[in-house]
Number of protein chains: 2
Amino acid sequence: MNAFENILHEKHVRSTAMRLLVMDTLAKQQTAISLHDLEAAFEHADRITLYRTLKTFEEKGIVHSIEDGTGATKYALCEPGCQCSPQDLHIHFYCNKCEKTYCLSKSKIPDLGLPKGYQLQEVNLVAKGVCNRCSD
Amino acid sequence: MNAFENILHEKHVRSTAMRLLVMDTLAKQQTAISLHDLEAAFEHADRITLYRTLKTFEEKGIVHSIEDGTGATKYALCEPGCQCSPQDLHIHFYCNKCEKTYCLSKSKIPDLGLPKGYQLQEVNLVAKGVCNRCSD
DNA sequence: GTTGCTATGCAATGGTATTGCATTTTTTTA
DNA sequence: TAAAAAAATGCAATACCATTGCATAGCAAC
Ligand SMILES: [Mn+2]
Ligand SMILES: [Mn+2]
Ligand SMILES: [Zn+2]
Ligand SMILES: [Zn+2]
């Protein structure tokens with residue numbers, strides 16, 4: 001049983017060929033990718049199956065999703081130990097030049113100081129600008 | 001010249017009946033609203049005209065938009081003096097119960113501590129959970 | 001009043017997300 | 001191991017939301 005199979009097992013998701021391929025593809029990315037991007041990474045794969053794979057992964061905490069405002073949700077593998085709680089989550093950065101969405105894993109979400117009565121469950125924080133690769 | 005006409009004039013947007021009506025409608029909202037919501041607030045108004053009105057308002061800094069992850073962009077009037085820079089902007093809160101998106105105007109965006117080389121231009125910060133009205 | 005620019009209204013299009021259903025694959029049970 | 005049940009996959013269809021093209025109406029300058 002390899003590392004990906006282990007993760008699927010831990011998260012109570014059945015291991016299938018398709019799911020392992022998707023995990024493998026996601027692990028190779030430097031950025032968060034869209035369903036469309038994922039589809040493009042395969043020769044012959046059904047878009048809907050990939051869609052449902054991502055949805056399953058998201059529900060089970062294997063990937064996290066980012067609404068970066070482009071209209072297409074981006075996905076990236078969670079880091080080991082991530083429970084996808086606001087404390088676990090990190091900032092995402094959308095570069096207006098290269099149009100890629102980066103996980104800034106080391107930049108955690110700062111304390112938001114919400115007004116009294118607001119119960120926090122999730123946070124989607126997308127900073128936009130120019131990434132370090134594009135700003136030379 | 002009333003307050004709305006003043007704002008339009010300041011922001012170099014021509015004053016029209018439609019635009020004044022849209023500003024009036026936006027000013028009456030307690031939450032940020034979608035194009036669809038805006039359309040529903042009128043008896044007979046063309047969706048596309050409303051769409052372009054919102055786009056114009058956004059470009060000229062009269063409204064700000066929020067990508068709350070529901071798929072439909074939300075809009076709200078900017079506060080006086082807002083330049084829509086990351087320092088001016090505030091947190092938004094999407095309530096999973098009432099499904100409304102609130103402007104938390106007093107909760108400014110905290111410092112993000114981006115890694116070196118990342119140039120910040122915009123921030124979209126949406127906290128999700130249960131709002132104070134729904135959490136009693 | 002004529003001319004020119006802008007805003008509006010209607011139609012059409014493009015893209016992403018989502019669901020229904022038949023079929024295949026995997027797992028469970030006998 | 002064979003049959004039955006459950007889950008995953010593949011294809012088709014649908015639902016939205018966002019965006020553009022183009023003709024017309026309204027306004028402003030000349
Ligand atoms: Mn991430
Ligand atoms: Mn706001
Ligand atoms: Zn970049
Ligand atoms: Zn609420």
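Letters go in sequence order (proteins before strands), and every chain restarts at 1.
Legend: residues meeting side-chain contact (heavy atoms from CB on, under 4.5 Å) with C103(A), ordered by chain and number and at least two apart, are H64(A), A76(A), H90(A), H92(A), S105(A). Residues forming a side-chain contact (heavy atoms from CB on, under 4.5 Å) with E122(A) (at least two apart in sequence, or on another chain): N96(B), K128(B). The side-chain contact (heavy atoms from CB on, under 4.5 Å) test applied to A72(A) returns S34(A), T70(A), not counting sequence neighbours. Looking at residues two or more places apart in sequence or on another chain, you find a side-chain contact (heavy atoms from CB on, under 4.5 Å) between A41(B) and T25(B). Applying the side-chain hydrogen bond (donor to acceptor under 3.5 Å, both in side chains) criterion to R14(A), with sequence neighbours excluded, gives no partner residue.
Extent of DNA chain C lying under 4.0 Å from chain A heavy atoms, first and last nucleotide in 5' to 3' order, is dT16(C) to dT27(C).
Applying the salt bridge (Lys or Arg N to Asp or Glu O under 4.0 Å) definition to pairs two or more places apart or across chains, those involving residues 68-89 of chain B are D68(B)-K74(B).
Proximity of residues 49-62 of chain A to DNA chain D (heavy atom under 4.0 angstrom from any strand atom) is restricted to T49(A), R52(A). Of the residues in residues 10-27 of chain A, those lying under 4.0 Å from DNA chain D by heavy-atom distance are R14(A), T16(A), M18(A), R19(A).
Nucleic acid contact class of S34(B) (heavy atoms, under 4.0 Å, all strands): none.
Cluster partners of Y118(B) are L89(A), I91(A), F93(A), Y102(A), L104(A), I109(A), L112(A), L114(A), Y118(A), L120(A), V123(A), L125(A), L89(B), I91(B), F93(B), Y102(B), L104(B), I109(B), L112(B), L114(B), L120(B), V123(B), L125(B), counting Ile, Leu, Val, Met, Phe, Trp and Tyr whose side-chain heavy atoms approach within less than 4.5 Å, directly or via other members. When hydrophobic side chains of Ile, Leu, Val, Met, Phe, Trp and Tyr are connected at separations under 4.5 Å, V130(B) ends up as a singleton with no cluster partners. Using a 4.5 Å cut-off between side-chain heavy atoms of Ile, Leu, Val, Met, Phe, Trp and Tyr, L54(B) falls into a hydrophobic cluster with F4(B), I7(B), L8(B), V13(B), M18(B), L20(B), L21(B), V22(B), M23(B), L26(B), I33(B), L35(B), L38(B), F42(B), L50(B), Y51(B), F57(B), I62(B), V63(B), Y75(B), L77(B).
For the pair E43(A) CD and dG10(D) P, the computed distance is 15 Å after rounding to whole Å. Residue E39(A) contributes atom CD, which lies 12 Å from atom P of dG10(D) at whole-angstrom precision.
Counting only distance, with no hydrogens or angles, the side chain of T53(A) and the backbone of R19(A) share no donor-acceptor pair below 3.5 Å.
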